[in-house]
Amino acid sequence: MSDTPAPAAEPTAAAAATAVTTFPAESTQPATTTAPEMPKTATGTANPPAPPQPGAAPVPPSAPVATAVPTPAPASAAPPTKPEPQNALTEHFSGYEWKALTEFRKTIPDALVKAYERPDAKTTPITLWGVRIDPNNLVDARVSVVLMKFLRARNLNSAAAGDMLVATLRWRDQFKVDDACKEEFPEDVFGKLGRIFGRDKEGRPVVYNVYGGNSDLDAVFGDIDRFLRWRVAFMEKSLALLDFATVDQCIQIHDYAGVSMSSRTPASKNAASQASNIFSSHYPELLYKKFFVNVPSYMSWLFWIFKSILPTATFAKMSVVGSGPHPIGKALLPYISAEELPKRYGGKADAEVFEKK
């Protein structure tokens, strides 16, 4: 899930091999038997065969020599395949995705070592977006959903997905995401910039980024590092509402009401650029739809620039909507029921969270 103004970026049971032993086909031609020639003495007379030794059974001269017939070794049974845990999300994985996931799992222990640069990381569980990932047991439905996000973001390329995962884990460690989530940010500065209210018709959380929520740009962007910590913490707060069993994405609504050309200061543009890079690089496939509402006409052209630089699938998630409750509601109500959508966006919900002074 990527932030805006610049936005962000989608088997198999092993078959048991049966060992087959083949033997040469028997000849259909009858065998010709020739009597053995008896050895002769110096006088030319044939020596009689040596008498049988005591206890030995006599063998007729023409008896065939017995040969040992190899007994084929029994085919070794393949170990039983552990049933693949499923949930409502993994049931929609394609065959190609399951195949890619099976290969990707093999790389996870080494990826953790590479990310944390500790040998014990190969066997140490981690938590990502509230999902416990245990490298000792990766056959878990919720873990499969999380790993699939990295695969889909890299077109099911296991190596590229692994690089993205390693970079994400390193960034989270260096950024100290957990500390940012515990930090208390001034309500008068950031309190109106972000809201999480209601869910869409499929249960996805609806996240509102209100760019005109605070006109004091120096307070918001004067400390860019603090702004980024707040923005990441807000993102993590929305992701905490995902269970990765039935819901694994959010809907974002970016409200530009009250934003003017003067709002695009060097500091705000720098902050937006850094935030966009963070979310596109380290929060893959967590966005279902993104709506830009109340966009001033002089800014609408900016979004068409995105079309030339974004992947088609990513741009398809974006919609630029007009201003006012009616046009906004027309765009949002197919996804969000009126009871879950605030009145200011064309719904019926009394959302006091948007009315705080």
Side-chain angles (χ1 to χ4, degrees), residues 1-9 190-215 217 220-221 227 230-231 234-235 237-238 241 249-264 268-269 271-273 275-276 279-280 283 286-307 310 313-357:
M1 177 162 54
S2 69
D3 191 39
T4 54
F190 300 105
K192 295 181 180 180
L193 295 183
R195 298 281 189 268
I196 302 173
F197 182 86
R199 292 179 179 265
D200 75 355
K201 294 178 181 179
E202 302 298 326
R204 304 179 187 91
V206 183
V207 182
Y208 297 83
N209 292 281
V210 186
Y211 291 93
N214 188 348
S215 58
L217 302 183
V220 175
F221 302 108
F227 169 80
W230 169 80
R231 189 63 189 86
F234 182 61
M235 173 71 82
K237 183 178 180 180
S238 67
L241 300 175
Q249 291 180 315
C250 298
I251 281 187
Q252 289 185 353
I253 297 173
H254 295 260
D255 188 349
Y256 283 81
V259 176
S260 63
M261 285 296 291
S262 61
S263 301
R264 291 183 56 79
S268 69
K269 289 188 286 186
S273 176
S276 178
F279 296 126
S280 63
Y283 291 87
L286 291 163
L287 174 68
Y288 177 67
K289 287 285 185 181
K290 180 181 294 188
F291 297 92
F292 300 93
V293 305
N294 294 320
V295 178
S297 57
Y298 65 82
M299 290 184 63
S300 60
W301 63 271
L302 292 174
F303 299 99
W304 291 106
I305 295 178
F306 294 155
K307 187 173 184 179
L310 289 176
T314 301
F315 190 79
K317 295 180 179 182
M318 301 166 54
S319 297
V320 180
V321 182
S323 300
H326 180 71
I328 295 174
K330 185 177 180 181
L332 298 181
L333 287 172
Y335 301 94
I336 308 168
S337 66
E339 292 72 22
E340 294 286 311
L341 187 64
K343 291 179 180 179
R344 66 189 292 176
Y345 296 112
K348 298 179 179 179
D350 292 316
E352 295 182 3
V353 67
F354 288 97
E355 308 305 326
K356 289 182 179 179
K357 300 299 182 182

Counting only N and O atoms by type, is there a donor-acceptor contact under 3.5 Å from the side chain of [X] to the main-chain atoms of [Y]?
| X | Y | value |
| --- | --- | --- |
| D255 | G212 | no |
| K317 | L287 | yes |
| S280 | S276 | yes |

Any side-chain heavy atom of [X] sitting closer than 4.5 Å to one from [Y]?
| X | Y | answer |
| --- | --- | --- |
| Y256 | P296 | yes |
| Y211 | L193 | no |
| I196 | V206 | no |
| Y208 | P342 | yes |

Next on the checklist: I need the full list of salt bridge (charged side-chain N to carboxylate O under 4.0 Å, His left out) pairs touching residues 198-210, with sequence neighbours left out, sorted by first then second residue.
Outcome noted: D200-R204
Item to check | K269 atom NZ: more than 12 heavy-atom contacts under 6.0 Å | outcome: yes
Checklist entry - If you look at every heavy atom in F227 and V220, which pair is closest and at what distance? => result CB-O, 3.6 Å
Next on the checklist: To check you understand the geometry: which heavy-atom pair defines the closest contact between S238 and V207, and what is its length?
Outcome noted: CB-CG2, 3.6 Å
Next on the checklist: Please enumerate all residues that pass salt bridge (charged side-chain N to carboxylate O under 4.0 Å, His left out) together with K343, with sequence neighbours excluded.
Outcome noted: D350
Checklist entry - Excluding sequence neighbours, so at least two apart, what forms ring pair (Phe, Tyr, Trp, His ring centres under 6.0 Å) with F291? => result Y335
Checklist entry - Between the side chains of N209 and R195, does any donor sit under 3.5 Å from an acceptor? => result no
